[in-house]
Amino acid sequence: GCGTFAIYGLIRLFRLPGPPQAGAHHLIWFRENKKWMIVLIGLAMVASFLAILPLLYELWPALAIPAIISLLYVLPMEFTHGRIIGLRRIPFMKSLWISLVWAAVSVLVPASLDHGTRSTSMIFLLFIMQTTFIHSLMIPFDMRDRPFDLVSLRTVPQVFGDRAARIIAVILGLVPVLISGFFVFHAYAHGAYVLPYLLPIPGFMLSVWLVSLASSPRSESYYLVWLDGTLVLVALLGLLGTVL
C-alpha cells in the first residue's frame, strides 16, 4: 500500500513540470499541495522499504518489473522544455503498462513466496488472466479521459472509437472467465477443490457487463465504485472459495 502511494505520488511529481491539463483536477490539487505531498511520499517510500526489506531477496525479481515500468511510465526530461515523455506515450500501451504492473504485483509477487507449489504454466495463465482483466477495466477509463488525453497517446478509444473500444473491453474481460473455467475443469478432473476457481467467475462476468455499459458521460461512481469495486469483489470471491 505504501509502495503504491509512493509510486503514484512520484508519477504526479514527474507530471507537474508539464503544462496543466484541462479537467485534470487531481493534478491541480497535487500542484497546490506539492510540499505536503513530497513529505507524505517520502514517508511512504521509507515505510514500504522497511516493510519489504525482510522479503527483498525473494521478491526483488518479481518487483523489478512493476518498479521499472512505474518509474519509466512518466519521465520528465529537461531538454523537452517540460514536455512529459515516458512509456505511457507509446501508442496503444498506456493501459497495457498499468495492466502489466497489476499482474506482476498480484501474481508474480505471491508466486515468489509460494515455494514451488504452483506450476509455471499455472502462474503464466494467472498472469494472462489478471492482465486481460485489468486491461478490460482500463479501457472505460481511457474512454472517460479521451477529452483530456493527448492525441499522441493513441489509446484504444481514441483510435477505434467508443463502440469498438467497448467490444474490445468485453473480449478482454471474457478471457479471465475462460481461464477460470479451465481451472475449474482441471481441478474437478484431478479431484481438487473447485470453489477457489469457480466463485470468482460471477465477479468476472459482472465486470464484463459493466464494461459493456461504458461511455464517456458515465458518473464517477461508475468508475470509482463499480468498476474499481470488481477488483475487490473478484479477490473476495476467490478468498471465500478457499475458506468454504
Side-chain angles (χ1 to χ4, degrees), residues 1 3-4 51-52 54-70 93 95-141 156 166-214 225-244:
T4 302
I52 204 68
L55 299 172
L56 190 59
Y57 179 78
E58 294 180 272
L59 293 182
W60 77 262
L63 288 173
I65 296 174
I68 292 172
I69 292 177
S70 298
M93 293 298 292
S95 294
L96 185 57
W97 292 126
I98 297 172
S99 307
L100 290 173
V101 169
W102 272 84
V105 172
S106 59
V107 175
L108 299 185
V109 169
S112 299
L113 301 176
D114 217 8
H115 302 296
T117 60
R118 299 183 188 274
S119 66
T120 302
S121 59
M122 185 176 189
I123 294 173
F124 175 76
L125 286 175
L126 287 170
F127 188 86
I128 296 298
M129 181 177 74
Q130 191 73 332
T131 300
T132 52
F133 175 45
I134 301 300
H135 200 183
S136 172
L137 297 179
M138 290 298 100
I139 289 177
F141 281 89
V156 172
R166 279 194 298 271
I167 295 174
I168 294 172
V170 167
I171 293 173
L172 287 170
L174 289 174
V175 173
V177 177
L178 295 176
I179 294 178
S180 295
F182 170 78
F183 285 149
V184 170
F185 175 79
H186 186 269
Y188 181 78
H190 290 79
Y193 202 44
V194 302
L195 284 183
Y197 311 110
L198 181 63
L199 289 187
I201 291 179
F204 287 131
M205 291 300 298
L206 176 62
S207 73
V208 171
W209 178 69
L210 286 171
V211 299
S212 72
L213 302 177
V225 177
W226 298 107
L227 277 185
D228 278 350
T230 59
L231 297 169
V232 179
L233 176 62
V234 168
L236 289 178
L237 289 173
L239 178 62
L240 180 63
T242 65
V243 300
L244 287 180

| request: Identify the two heavy atoms, one from P140 and one from V211, that lie closest to each other, and give their separation to 0.1 Å. | output: CG-CG1, 3.8 Å
| How long is the gap from CG on L237 to CG on L198, to the nearest 0.5 Å? | 10.0 Å
| said: For the CD1 atom of I123 and the CG atom of L108, what is their distance to the nearest 0.5 Å? | reply: 7.5 Å
| request: Would you indicate whether the side-chain heavy atoms of P176 and M129 approach each other to under 4.5 Å? | output: yes
| Relative to each other, are the rings of F133 and F204 parallel, tilted or perpendicular (30° and 60° limits)? | perpendicular
| message | Please give me the minimum heavy-atom distance between A104 and P66, naming the atom from each residue. | response | CB-CD, 3.7 Å
| said: Please report the interatomic distance CG(D228) to OG(S207), rounded to the nearest 0.5 Å. | reply: 12.0 Å
| field | Y193 atom OH, neighbour heavy-atom count above 12 within 6.0 Å | value | yes
| Nearest heavy-atom neighbours spanning L63 and V109 | CD2-CG2, 3.8 Å
| request: Please tell me if the side chains of L227 and F141 come closer than 4.5 Å, counting only heavy atoms from C-beta onward. | output: yes
| query | How long is the gap from CG on L233 to CG on L240, to the nearest 0.5 Å? | reply | 10.5 Å
| said: Nearest 0.5 Å, please: how far is CD1 in I201 from CG in L178? | reply: 9.0 Å
| request: Spell out, as yes or no, whether a donor-acceptor pair under 3.5 Å connects the side chain of H135 to the backbone of T131. | output: no
| request: Given side-chain contact (heavy atoms from CB on, under 4.5 Å), test F185 with V194 step by step and report yes or no. | output: CA-CA 8 Å; F185 175 79; V194 302; over 6 Å; no
| field | S136 side chain vs T132 backbone, donor-acceptor pair below 3.5 Å | value | no
| said: If the test is side-chain contact (heavy atoms from CB on, under 4.5 Å), which one of V156, I167, L137, I139 qualifies with L172? | reply: I139
| query | Quick check: are there more than 12 heavy atoms from other residues, nucleotides or ligands sitting under 6.0 Å from CE of M93? | reply | yes
| field | Closest non-hydrogen atom pair between W102 and L231, with its separation | value | CH2-CD1, 3.5 Å
| message | Would the distance check show the side chain of S180 and the main-chain N or O of V177 forming a donor-acceptor pair, the cut-off being under 3.5 Å? | response | no
| message | Looking at every heavy atom in both F183 and L125, which two are closest together, and how far apart are they? | response | CZ-CB, 3.7 Å
| Spacing of CD1 belonging to I179 relative to CZ belonging to F127, to within rounding of 0.5 Å | 11.5 Å
| If every non-hydrogen atom of V107 is compared with every non-hydrogen atom of L126, which pair is closest and at what distance? | CG2-O, 3.7 Å
| Any L210 side-chain heavy atom under 4.5 Å of L206 side chain | yes
| query | Any side-chain heavy-atom pair from L199 and L244 closer than 4.5 angstrom? | reply | yes
